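Everything numeric here is computed off the predicted structure, so don't read it as measured data. All chains are named by letter (A, B, ...) in the order of the sequence lines, taking the proteins before the strands, and each is independently numbered beginning at 1.
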There are 2 protein chains.
Amino acid sequence: MTVSAKFNVNRAMCPSRLILEHVTSRWGVLVLATLIERPYRFSELRRAVDKVSEKMLAQTLQTLERDGFVHRDAKPVIPPHVEYSLTRLGHEAAEQVWGLARWTERRVPDVVKAREAYDEGRG
Amino acid sequence: MTVSAKFNVNRAMCPSRLILEHVTSRWGVLVLATLIERPYRFSELRRAVDKVSEKMLAQTLQTLERDGFVHRDAKPVIPPHVEYSLTRLGHEAAEQVWGLARWTERRVPDVVKAREAYDEGRG
DNA sequence: CTGAATCCTTCAAGATACTG
DNA sequence: CAGTATCTTGAAGGATTCAG
């Protein structure tokens with residue numbers, strides 16, 4: 001599989017938009033948020049991030065690693081031991097999206113009310 | 001079409017996650033960013049937001065309106081004249097995502113370098 | 001002008017099974 | 001343990017057409 005296929009750089013899109021998609025993706029947000037706390041191993045992350053599949057976790061981690069947000073430390077032992085941690089850049093990214101996530105959470109009640117009002121006029 | 005089908009509230013997902021998807025969606029970001037400046041008419045928005053289809057613009061606007069971020073003012077004239085503007089909540093949302101977008105843009109060079117380094121070790 | 005309705009293509013998520 | 005390979009399907013997005 002080519003790099004461009006693997007990381008979908010084909011879709012014509014400004015670079016920042018692509019980065020934004022990576023850090024705000026379903027699993028990207030959760031992985032970044034989890035790793036703020038401390039480094040995690042692969043299976044640890046699987047358990048920490050509710051119901052993420054192996055495939056999606058691996059994919060998300062690879063994307064974040066390639067973007068320079070996550071550092072992958074594979075210790076040459078048997079059985080394999082791989083630790084994931086945030087880089088400095090990744091920590092910045094995590095704080096940004098986490099800030100947005102917290103704002104969103106604060107505003108959930110407002111949005112819910114708005115939706116009820118909106119749906120009222122439709123049925 | 002049911003409301004739940006129209007606004008995909010089916011997928012089990014925490015509410016804040018859904019809101020996050022709306023405001024960070026491909027077109028959501030651009031629409032919010034555009035409306036920060038001033039109110040826009042539908043066709044004006046189409047021209048302002050590069051290459052958005054009618055369908056996606058209408059869909060995005062409806063979602064944002066339902067969430068209480070965008071106000072829709074349809075003037076009862078012929079031909080139709082509809083203006084879209086940000087609510088107070090929408091303005092807050094726009095500032096949040098715009099902040100994230102600007103951070104992302106600032107870090108594009110770092111990410112590009114990280115990607116090059118990453119791809120180097122693969123070929 | 002501002003949409004709604006329909007069809008169609010593509011693509012990403014998820015499940016499953018397998019490997020070093 | 002930490003992934004990869006393959007397959008299937010649902011959903012998102014685009015193009016087009018029609019309507020008030």
Side-chain angles (χ1 to χ4, degrees), chain A residues 1-13 17-18 21-22 24-31 39-66 70-85 122, chain B residues 1-13 17-18 21-22 24-31 39-66 70-85 122:
Chain A
M1 181 185 284
T2 67
V3 168
S4 71
K6 187 162 188 175
F7 298 103
N8 61 292
V9 293
N10 288 319
R11 293 182 293 176
M13 202 180 279
R17 172 69 224 170
L18 206 49
E21 293 215 333
H22 293 170
T24 64
S25 72
R26 177 160 181 57
W27 304 118
V29 175
L30 297 174
V31 167
Y40 272 74
R41 299 183 58 177
F42 187 86
S43 336
E44 251 185 329
L45 266 178
R46 272 213 73 186
R47 287 186 291 272
V49 177
D50 189 48
K51 304 299 179 188
V52 62
S53 69
E54 284 184 1
K55 177 186 167 183
M56 292 315 298
L57 181 56
Q59 199 175 99
T60 302
L61 285 170
Q62 278 173 21
T63 302
L64 293 177
E65 186 195 356
R66 191 173 102 104
V70 162
H71 173 67
R72 179 177 183 275
D73 183 18
K75 296 172 182 173
V77 296
I78 304 245
H81 184 113
V82 183
E83 264 199 5
Y84 293 92
S85 55
R122 268 81 178 180
Chain B
M1 179 185 286
T2 68
V3 169
S4 72
K6 188 163 187 175
F7 298 103
N8 59 291
V9 294
N10 288 319
R11 294 182 291 174
M13 202 181 282
R17 172 70 225 171
L18 206 48
E21 295 215 334
H22 293 170
T24 64
S25 72
R26 176 158 183 57
W27 305 117
V29 176
L30 297 174
V31 167
Y40 273 74
R41 298 183 57 179
F42 187 85
S43 332
E44 252 185 328
L45 266 178
R46 272 213 73 188
R47 287 187 291 272
V49 177
D50 190 47
K51 304 298 180 187
V52 63
S53 70
E54 283 183 1
K55 177 185 168 183
M56 293 316 297
L57 180 56
Q59 198 175 99
T60 301
L61 285 170
Q62 277 173 22
T63 302
L64 293 177
E65 186 195 357
R66 192 173 102 103
V70 161
H71 174 67
R72 179 177 183 275
D73 183 17
K75 297 171 181 173
V77 296
I78 303 251
H81 184 112
V82 183
E83 265 200 5
Y84 293 91
S85 55
R122 268 79 179 179

Kindly give the heavy-atom pair with the smallest separation between [X] and [Y], and that separation in Å.
| X | Y | result |
| --- | --- | --- |
| A:Phe42 | A:Leu57 | O-CD2, 3.7 Å |
| A:Pro80 | A:Arg41 | O-NH2, 3.5 Å |
| B:Tyr40 | B:Ala48 | CE2-CB, 3.8 Å |
| B:Tyr84 | B:Val70 | CD2-CG1, 3.7 Å |

Check: Can you tell me how far the CG atom of A:Asp73 sits from the NE2 atom of A:His81, to the nearest 0.5 Å?
Finding: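 The CG atom of A:Asp73 sits 8.0 Å away from the NE2 atom of A:His81.
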Rounded distance in Å - [atom1] ([X]) to [atom2] ([N]):
| X | N | atom1 | atom2 | result |
| --- | --- | --- | --- | --- |
| B:Gln62 | D:dA12 | CD | C1' | 16 Å |
| B:Arg41 | C:dG3 | CZ | P | 10 Å |
| B:Leu61 | C:dC1 | CG | P | 16 Å |
| A:Glu44 | D:dG3 | CD | P | 13 Å |
| A:Glu21 | C:dA12 | CD | P | 9 Å |
| B:Lys75 | C:dG3 | NZ | C1' | 18 Å |
| A:His81 | D:dG3 | NE2 | P | 11 Å |
| A:Ile78 | C:dG20 | CD1 | P | 12 Å |

Next item on the list: Tell me which of A:Pro79 and A:Ala58 sits closer to the 5' end of DNA chain D, going by the nucleotide each one is nearest to.
Entry: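 Upstream on the strand: A:Pro79.
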Next item on the list: Classify every nucleotide of nucleotides 13-20 of chain D by which part a protein heavy atom approaches to under 4.0 Å, writing B for the base, S for the sugar-phosphate alone and - for neither, in 5'-to-3' order.
Entry: BBB----B
Next item on the list: Describe the nucleic acid contact of B:Arg72 in one word from base, sugar-phosphate, nothing, applying a heavy-atom distance below 4.0 Å.
Entry: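 Sugar-phosphate contact only - B:Arg72 comes under 4.0 Å of backbone atoms but never of a base.
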Next item on the list: Determine, step by step, whether A:Leu30 and A:Thr60 satisfy the side-chain contact (heavy atoms from CB on, under 4.5 Å) criterion, reporting the C-alpha distance in whole Å, the side-chain angles of both residues, the deciding distance to 0.1 Å, and the verdict.
Entry: CA-CA 10 Å; A:Leu30 297 174; A:Thr60 302; over 6 Å; no
Note to self: What verdict does the side-chain contact (heavy atoms from CB on, under 4.5 Å) test give for A:Arg17 and B:Val29, after you've listed the backbone C-alpha separation in whole Å, the side-chain angles of each residue and the deciding distance to 0.1 Å?
What the structure shows: CA-CA 9 Å; A:Arg17 172 69 224 170; B:Val29 176; 3.5 Å; yes
Next item on the list: Please state whether the phosphate of D:dC1, meaning OP1 or OP2, lies under 4.0 angstrom from any side-chain nitrogen or oxygen of A:Tyr84.
Entry: no
Checklist line | Runs of at least three Watson-Crick or G-U pairs with DNA chain C, cut-off 3.5 Å | finding: C:1-20 with D:1-20
Next item on the list: Could you check B:Leu61 against B:Glu65 for side-chain contact (heavy atoms from CB on, under 4.5 Å), going step by step and ending with a plain yes or no?
Entry: CA-CA 6 Å; B:Leu61 285 170; B:Glu65 186 195 357; 6.0 Å; no
Next item on the list: Using the side-chain contact (heavy atoms from CB on, under 4.5 Å) rule, take B:Leu64 and B:Val31 through it: C-alpha gap first, then chi angles, then the decisive distance, then the call.
Entry: CA-CA 9 Å; B:Leu64 293 177; B:Val31 167; 4.0 Å; yes
